[in-house]
Number of protein chains: 2
Amino acid sequence: MPRKTSAADAPLRLDNQICFAVYSAAHAFNRVYKPLLDRLGLTYPQYLVMLVLWERDDVPVKDIGERLFLDSGTLTPLLKRLEAAHLVKRTRSSEDERQVLIALTAQGHALKEKARAVPQSILAASDCSVSELVAMKDEIVALRDRLNAVIGE
Amino acid sequence: MPRKTSAADAPLRLDNQICFAVYSAAHAFNRVYKPLLDRLGLTYPQYLVMLVLWERDDVPVKDIGERLFLDSGTLTPLLKRLEAAHLVKRTRSSEDERQVLIALTAQGHALKEKARAVPQSILAASDCSVSELVAMKDEIVALRDRLNAVIGE
DNA sequence: TCACATTTAATTGTTCGCAATTGAATGTGC
DNA sequence: GCACATTCAATTGCGAACAATTAAATGTGA
């Protein structure tokens, strides 16, 4: 009997991996975002940082990192690029010299208006109702938080 | 009236972005996988390539790329690292000299047995029933495929 | 057959992402 | 007040990820 697909191999089949589904979906999102963000002069991780700053300005690097689950090794060079693009300003905190505070420039604030077109385009590309997307988002966030809980232990 | 949170800003709020949910979940998976894959001497993308090869061996780089949605710019150096680790062998196809065929070595085949422990650990970490995970996976794959359909147009 | 397009990997350059280390600033216990 | 640990950002090194280009092999049409 030729074993075409062994039942014992099912857990190792690529199409059965939820992590690959998530991984490949993240890349698919990235590719959809790319042309939209090119118009803003941002990469996707840079866009995420700008989303954080548009909500609240003048925050230390660490706060941004906690929000996005990224560390200074990723954020420091990224923020320097945003500074080179005149979107943010980096200044040492006077109260605590260890911290670097990230503030939006006028250009950084202004970019928010151009960015409003992005979520609409993404919604159209996902070809899905808002309520469905919200439900999926909540499930994925719940899974992510359970995974992160395992790591911190 | 001080606008703490404007309704017009809702589409730009980080916590409303499904893409960020997916993006951060992918990173969370990566962090859970890391200690498990360290024992196999693999990174997560390398593990994905091995999953493909464990299903079918002796395939051109392009086939692996189509399966994983990756191009040669990513795969060529990755496969060279797997070759340096004696897990795969890269040989030009004799029928079509443009293709490079990737075959598992004996070590590469053997690693499959050690890898069987990985999906179990992931299942435990996700703290979720198999049926729930399968349902989520199918939803995410469907979303990914709709996004990819938009790109190829 | 010969010019031309297509296919396939490899290469180059830029940007993440993270582990590990460094160094400066701050906090704590004695 | 002083040794000590902690916190925070920056740095270094490695491995993806991808756009753009290159180069070789193959296929196609006149």
Side-chain angles (χ1 to χ4, degrees), chain A residues 19-20 23-35 37-38 41-50 59-66 68-85 88 90-102 148 151, chain B residues 19-20 23-35 37-38 40-50 59-66 68-85 87-88 90-102 148 151:
Chain A
C19 64
F20 175 64
Y23 169 90
S24 54
H27 289 314
F29 266 119
N30 202 4
R31 285 189 282 266
V32 172
Y33 268 100
K34 179 128 202 345
L37 295 180
D38 278 347
L42 294 174
T43 65
Y44 180 68
Q46 290 170 6
Y47 174 69
L48 291 181
V49 169
M50 294 301 286
V59 291
V61 173
K62 197 191 180 229
D63 285 21
I64 300 175
E66 281 175 356
L68 299 179
F69 306 99
L70 297 173
D71 66 3
S72 70
T74 301
L75 287 175
T76 296
L78 187 155
L79 290 167
K80 286 184 176 176
R81 280 176 219 116
L82 288 181
E83 189 174 44
V88 306
R90 300 172 343 113
T91 50
R92 289 265 161 204
S93 166
S94 52
E95 299 109 52
D96 187 340
E97 292 272 343
R98 292 170 302 182
Q99 294 186 351
V100 168
L101 298 180
I102 308 298
N148 278 333
I151 296 163
Chain B
C19 62
F20 175 63
Y23 169 91
S24 55
H27 290 316
F29 266 118
N30 201 4
R31 285 189 282 267
V32 173
Y33 269 99
K34 179 131 200 345
L37 294 181
D38 278 348
L40 307 185
L42 295 174
T43 65
Y44 180 68
Q46 289 170 6
Y47 173 68
L48 291 181
V49 169
M50 294 301 285
V59 290
V61 173
K62 201 195 177 223
D63 286 20
I64 300 174
E66 281 175 358
L68 300 178
F69 306 98
L70 297 173
D71 67 3
S72 71
T74 301
L75 288 175
T76 295
L78 188 156
L79 290 167
K80 285 182 177 176
R81 280 176 218 114
L82 288 181
E83 189 174 42
L87 295 173
V88 307
R90 300 172 344 112
T91 48
R92 288 269 161 199
S93 165
S94 51
E95 299 108 51
D96 187 339
E97 292 274 342
R98 292 171 303 182
Q99 295 185 353
V100 168
L101 298 180
I102 308 298
N148 278 333
I151 296 163

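Computed from a predicted model, the values in this text were never measured in an experiment. Order of the sequence lines fixes the chain letters, A, B, ..., with proteins taken first and strands second; residue numbering starts at 1 for each chain.
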For B/E66 and C/dA9, give me the distance from atom CD to atom P, rounded to whole Å. 9 Å
Check every strand shown and say whether A/L70 touches a base, only sugar-phosphate, or nothing at a heavy-atom separation below 4.0 Å. sugar-phosphate
Taking for each residue the nucleotide of DNA chain C with the nearest heavy atom, is it A/E97 or B/D63 whose nucleotide lies nearer the 5' end? B/D63
May I have the distance from A/L42 (atom CG) to C/dT15 (atom P), rounded to whole angstrom? 13 Å
For atom CG of A/D71 and atom P of C/dA20, their distance in whole Å: 12 Å
Could you check whether A/L78 gets within reach of a base, just the sugar-phosphate, or nothing at all, counting any heavy atom under 4.0 Å? sugar-phosphate
Of A/E95 and A/R81, the one whose closest DNA chain C nucleotide lies more 5': A/R81
Minimum side-chain heavy-atom gap A/F29-B/F20 below 4.5 Å: no
Starting from C1' on C/dA10, measure out to CD on B/E83 and report it in whole angstrom. 14 Å
Rounded to the nearest 0.5 Å, what separation is found between the CG atom of B/L78 and the CG atom of B/L70? 8.0 Å
Partner of A/Q46 under side chain to side chain contact (heavy atoms under 4.5 Å, CB included), chosen from A/V88, A/L82, A/L37: A/L82
Integer-rounded Å distance: C/dT11 P and B/L79 CG: 13 Å
Report the distance from atom CZ of A/R92 to atom C1' of C/dA24, rounded to the nearest whole Å. 8 Å
Taking any atom closer than 4.0 angstrom to a non-hydrogen atom of chain B, what span of DNA chain D does the protein reach, first nucleotide to last? D/dG15 to D/dT26
Please compare A/P60 and A/H27 by the position of their nearest nucleotide in DNA chain D and report the one closer to 5'. A/P60
Does a side-chain N or O from A/Q46 land closer than 4.0 Å to OP1 or OP2 of C/dC16, or not? yes
Can you confirm whether B/E83 sits close enough to B/L79 that some side-chain heavy atom of one is under 4.5 Å from a side-chain heavy atom of the other? no
At 4.0 Å (heavy atoms only), tell me whether B/D96 reaches a base, stays on the sugar-phosphate, or touches nothing. sugar-phosphate
Any donor-acceptor N/O pair, A/D71 side chain to A/T74 backbone, under 3.5 Å: yes
Do the side chain of B/R90 and the main chain of B/L101 share a donor and acceptor less than 3.5 angstrom apart? no
Can you measure A/L75 atom CG to C/dA19 atom P for me and round it to whole angstrom units? 14 Å
Fit a plane to each ring of B/Y44 and B/Y47, take the angle between them on a 0 to 90° scale, and name the class: parallel (under 30°), tilted (30 to 60°) or perpendicular (over 60°). tilted
Distance in angstrom units between A/Q99 CD and C/dG27 P, rounded: 10 Å
Under 4.0 Å, heavy atoms only, any strand: does B/T74 hit a base, just the sugar-phosphate, or nothing? base
